[in-house]
Amino acid sequence: MSREIAKAYDPQQIEPRWAEYWVKEELFKADPNAPGPVFSIVIPPPNVTGSLHIGHMLDHTEIDILTRWHRMRGYNTLYLPGTDHAGISTQRVVVRKLEDEEQIDYRLLGRDEFVKRVWQWKEQSGGTIQQQMKQIGESCDWSREKFTLSPELSAVVREVFVRLYEEGLIYREKRIVNWCPECLTVLSDLEVLHEDRPGHLWHIKYPVAGSATEFLTVATTRPETMLGDTAVAVHPEDERYQHLIGKNVVLPLMDREIPIVGDEMVAREFGTGAVKITPAHDPNDFELGRRHNLAQIDVMTDDGHINMNGGVYADLDRFAARKKIVDDLRALGLLEKITDHVSAIGLCERSHTVVEPRISTQWFCRMKSLAEPAIEAVENGSIAIIPDNRRTEYLNWMRNIRDWTLSRQLWWGHRIPVWYCHRMLGGCGEIIVSRVDPVNCPNCRNAKLEQDPDVLDTWFSSGLWPFSTLGWPEDTADYRKYYPTSLLITGYDILFFWVARMIMLGLHFTKQVPFRAVYLHSLVRTAGGEKMSKSKGTGLDPVALNNQYGTDAVRFCLASMAAPGTDIVLSEDRLLGARSFANKIWNAARFLFVNLEKFEQSGVSIEEIAAPEVREKAPYGLGGKIPIVDRWFFARMAETVETVNDALANYRFHEGAQAVYQFFWGDFCDWYIEWVKPDLLSEDRAKSLVAWKNLFAGFEGALRLLHPFMPFLTEELWHQLPQKSGAKSIALGTYPEARAEWKDAAALAEFGLVQETIQTLRTLRAEMKLDKKKVGAEFASADVKVQATVQANLDGIVRLGLLTELKVLDGKLAEGGGGKKSTAQFDLRIPYVAEAIDVGAELARIRKEIDRLTKDIAGKEGQLGNETFRSRAPEKIIQGLEATLAERRVELRKFQERVKELEKQEEKEEKG
RNA sequence: GGGCGAUUAGCUCAGCGGUUAGAGCGCUCGCCUCACACGCGAGAGGCCAAAGGUUCAAAUCCUUUAUCGCCCACCA
């Protein structure tokens with residue numbers, strides 16, 4: 001049989017094939033009736049109209065690693081994919097598209113037509129995410145794919161809205177909200193970014209009514225809002241202004257008399273101690289206005305211009321108005337001064353437009369009572385939030401939670417299920433909140449009902465995601481089996497937007513936690529440390545990266561850098577390193593297959609190697625004796641499995657990645673393959689058969705170990721293994737276990753000694769500049785066990801140390817020249833070409849070593865001589881230290897002897 | 001104004017009480033060894049930001065400081 005394996009690793013050749021295969025074969029379709037413990041995870045739904053960015057790639061890599069890992073360990077696994085309609089983002093995209101491509105103002109298009117256009121756009125580009133996810137081979141169940149704005153999930157949204165309304169948690173109220181004049185909608189507090197910007201404090205003189213000379217000077221950062229002033233406030237105990245309380249001032253430019261009120265809200269030390277009050281444009285002023293029964297004058301239009309209430313300033317853009325007002329005040333002599341002032345300015349998360357605080361009637365959700373159980377669940381550990389500092393962040397935010405602005409003045413989203421029976425339409429004023437569209441008013445039978453024009457915040461439907469996608473409120477099989485979900489993995493940037501709300505809504509409606517744990521991963525940043533952003537052009541396109549380096553390499557790279565708690569700065573170096581690793585795996589496989597063909601050509605049936613039980617019985621022995629290298633290798637496998645399992649169980653992806661990297665490259669390629677090479681083609685058939693069996697069992701295990709990290713490559717190679725032909729997927733195989741019979745401390749120590757011997761020889765060779773020349777060498781040790789181990793592995797040591805022969809001596813090396821090296825356990829000498837040694841360089845090197853050792857020994861002696869240390873430190877530490885000290889002393893002695901020898905040699909050379 | 005994180009080899013980062021502080025890349029030297037030059041072998045390179053403290057023992061815990069970054073916050 002012949003296996004096809006290309007000379008160079010080319011991910012493009014293999015990835016698309018398996019990506020398609022996995023989807024077509026529905027390999028990852030979940031079955032609620034299947035056995036095994038449950039591992040379920042829902043995707044953080046990406047925005048439907050977008051494309052994957054590198055942050056998603058990280059998200060999905062971590063999710064997929066854990067999903068594949070659990071699946072291979074026998075879990076009943078569900079990874080549920082889907083997308084979010086992303087109200088404001090998507091609407092913005094389509095609005096812009098209409099402007100750019102068709103020069104149409106969406107408002108002129110009308111609601112129905114616009115929404116139709118968005119759906120069209122969604123159909124057209126909405127498949128991008130799914131396409132990309134399939135392309136990068138995520139092991140999700142496509143038959144369960146969901147969309148937040150589908151009829152199915154929209155019904156859940158209505159159900160939840162109506163229930164919350166009926167419970168009195170949703171209400172409609174007029175208050176100060178964050179308004180984005182660019183997106184033309186209200187925003188929740190979370191959607192407003194704060195940025196410190198240098199600005200000014202304008203000091204404006206308001207003439208006191210009835211006095212020609214007296215002024216009350218106010219200080220403001222937003223002079224244009226004075227058009228809507230309805231009072232000036234001072235602190236009631238402020239001696240400077242006490243006498244003015246109850247009087248009026250004349251509002252400049254508007255010539256309106258407004259009262260001076262006393263209110264404790266005013267901070268006497270800030271500004272002038274007198275505050276202009278604009279109840280329609282500032283939250284504090286709004287509150288104060290209510291206390292003092294002040295009128296609310298909104299002076300702004302939706303798109304940030306001054307409205308009719310602004311008199312002559314009407315129609316001016318808000319910033320133009322500011323400038324003109326300041327100029328006019330200056331002209332009137334009412335501008336006392338301008339001082340510099342840095343203020344935190346609110347910006348729209350989406351458009352980065354300056355947000356306008358503005359009075360408006362909106363739907364809100366009361367959060368306090370929802371937050372309480374959500375705090376409790378995290379405090380008592382029902383939901384684990386990892387890393388720990390995010391847990392604290394969550395709790396702090398939850399404890400200070402404020403009501404959630406639910407309504408949005410958008411057209412793309414879940415329309416609020418509220419109808420008004422307007423009096424002006426002959427109705428009774430009834431408000432109808434309903435799961436189904438009402439045909440007429442239940443109160444007065446009026447059929448001319450008007451539905452609330454607004455839609456819900458996108459995060460409202462996202463907040464239901466873990467249970468809405470599983471069929472709630474129906475008691476479906478999926479819901480019963482997979483809810484609560486096992487885990488949520490997402491970026492910490494949406495902890496409040498999404499995670500917190502899922503916890504609150506989940507607990508409220510399902511009476512269960514939506515997930516048992518939340519792992520918040522780092523963000524991928526640009527080289528400059530900034531958050532990547534597509535609009536700034538600093539984003540990385542994962543698809544381009546995957547094409548360039550291979551999906552497996554990108555996945556591996558991300559995983560290897562994903563240490564909890566710190567952000568990731570992706571570098572080309574690391575990506576190249578990961579690609580090299582993939583190439584290394586590929587070539588290790590090539591080695592196996594190419595040589596296996598040679599083996600087959602020698603007339604041997606590979607049935608034995610291919611037998612399915614090979615894996616279970618490895619490592620095989622020869623005449624009942626397992627070769628040391630195989631014992632060692634499988635012991636390393638067991639160690640690696642334990643490290644990886646432990647790492648993944650604790651979301652330490654980088655540790656898992658590092659462990660498999662080291663195991664495959666260092667242990668498997670550098671040592672194991674190199675060591676068994678001659679055995680594979682040995683004339684001794686029994687010997688070669690054992691070597692082949694162990695090699696294939698080892699490689700097959702390594703592939704399964706690697707599979708969650710690098711699914712494509714491992715799938716491809718696994719199918720080419722002789723013992724695996726015909727099987728469906730490595731992904732459905734089992735994950736390697738750290739089998740008890742593999743653990744072998746003696747083998748680790750023995751082969752470790754062999755490795756150290758070879759490495760010492762190689763170092764010596766390099767120092768002697770022997771290049772490729774084969775030479776004889778001597779090995780000496782006082783320990784008979786050490787001697788025996790080296791003797792038993794002589795062939796390998798001679799081969800990998802590029803020797804002609806190695807003499808194993810009891811005790812010390814014989815007198816004589818040449819290059820020498822010692823460790824605590826043994827001495828090595830290469831007698832050949834003694835003159836090639838750079839005596840000076842070696843002396844310098846050794847003196848440095850002696851220096852270091854002397855200090856080290858002194859330190860240890862000091863510590864061991866310390867009575868407090870001896871009485872307090874654990875026994876293990878003391879014994880370890882003593883053993884190390886003994887070793888160091890031996891090393892030091894050997895170095896000192898060597899120095900004497902070299903000094904003699906140096907003298908001789910100088911004389912000669 | 002609060003809170004959090006970072007500061008470790010030339011670069012990017014691990015390690016977070018215990019025995020000569022690690023990796024990848026880069027660098028130096030030697031190798032195209034019949035799987036791989038996306039490679040093999042050998043090396044150089046670090047008073048773990050600074051100062052105090054706790055401890056038998058500190059890169060690791062505590063305090064303060066400095067620099068950088070992030071999040072939260074209705075003082076006009």
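Each chain gets a letter, A, B and so on, in the order its sequence line appears, and its residues count up from 1. Just the heavy atoms: all of them, side chains too, but no hydrogens, waters or symmetry mates, feed the values below.
Under the 6.0 Å cut-off for aromatic ring centres, Trp404(A) and Phe364(A) do not qualify, their centroids lying 6.0 Å or more apart.
Relative ring orientation between Phe664(A) and Phe699(A) is described as tilted, the plane-to-plane angle lying within the 30° to 60° band.
One atom, CD1 of Ile878(A), and another, C1' of A57(B), lie 11 Å apart when rounded to the nearest Å. For the pair Leu764(A) CG and G43(B) C1', the interatomic distance rounds to 14 Å; values are reported in whole Å. Remark: P of U12(B) and CD of Gln658(A) are 19 Å apart, rounded to the nearest angstrom. Between the CZ atom of Arg762(A) and the C1' atom of C29(B) there is a distance of 16 Å, given to the nearest Å. In this entry the distance linking CG of Asn587(A) with C1' of C40(B) reads 13 Å, nearest Å. Between the CE atom of Met561(A) and the P atom of G22(B) there is a distance of 21 Å, given to the nearest Å.
Partner assigned to U55(B) is none, using Watson-Crick or G-U wobble distances below 3.5 angstrom. Remark: A66(B) base-pairs with U7(B). Criterion, Watson-Crick or G-U wobble with two distances under 3.5 Å. Pair assignment for G45(B): none, as no Watson-Crick or G-U wobble contacts are both less than 3.5 Å. Pairing partner, U19(B): none, since no Watson-Crick or wobble contact has both distances short of 3.5 Å. Taking a pair to require two hydrogen-bonding distances under 3.5 Å in either a Watson-Crick or a G-U wobble arrangement, C32(B) remains unpaired. Partner assigned to A14(B) is none, using Watson-Crick or G-U wobble distances below 3.5 angstrom.
Distance noted for atom P between C16(B) and U7(B): 13 Å (whole Å). As rounded to the nearest Å, U55(B) and A14(B) have C1' atoms that lie 26 Å from one another. C72(B) and C13(B) have their P atoms separated by 23 Å, given to the nearest Å. Here the separation of G10(B) from G45(B), taken at their C1' atoms, is 9 Å to the nearest Å.
Taking 3.5 Å as the limit, the base of C74(B) and the side chain of Asn284(A) contain a donor-acceptor pair of atoms between them.
Within the nucleic acid shown, Trp202(A) has no heavy atom closer than 4.0 Å to any nucleic acid atom.
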For nucleotides 15-19 of chain B, give me every protein contact, N/O to N/O, under 3.5 Å, one pair per line with atom names.
from   : atom 1 : to        : atom 2 : distance (Å)
G15(B) : OP1    : Arg652(A) : NH2    : 2.8
U19(B) : O3'    : Lys860(A) : NZ     : 3.3
U19(B) : O2     : Gly880(A) : O      : 3.0
U19(B) : O2     : Leu881(A) : N      : 3.2
U19(B) : O2     : Thr884(A) : OG1    : 3.0

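Under the 3.5 Å distance criterion, with hydrogens and angles disregarded, a donor-acceptor pair is assigned to the side chains of Gln720(A) and Glu716(A). Side-chain atoms of Asp263(A) and His292(A) form a donor-acceptor pair, as typed in the model, at a separation below 3.5 Å. The closest side-chain donor-acceptor pair between Tyr394(A) and Asn389(A), if any, does not fall under 3.5 angstrom. Side-chain atoms of Thr868(A) and Asn866(A) include a donor-acceptor pair closer than 3.5 Å.
At G45(B), one or more side-chain N or O atoms of Lys848(A) fall inside 4.0 Å of OP1 or OP2 (strictly under the cut-off).
A donor-acceptor pair under 3.5 Å is formed between the side chain of Arg799(A) and the backbone N or O of Trp675(A).
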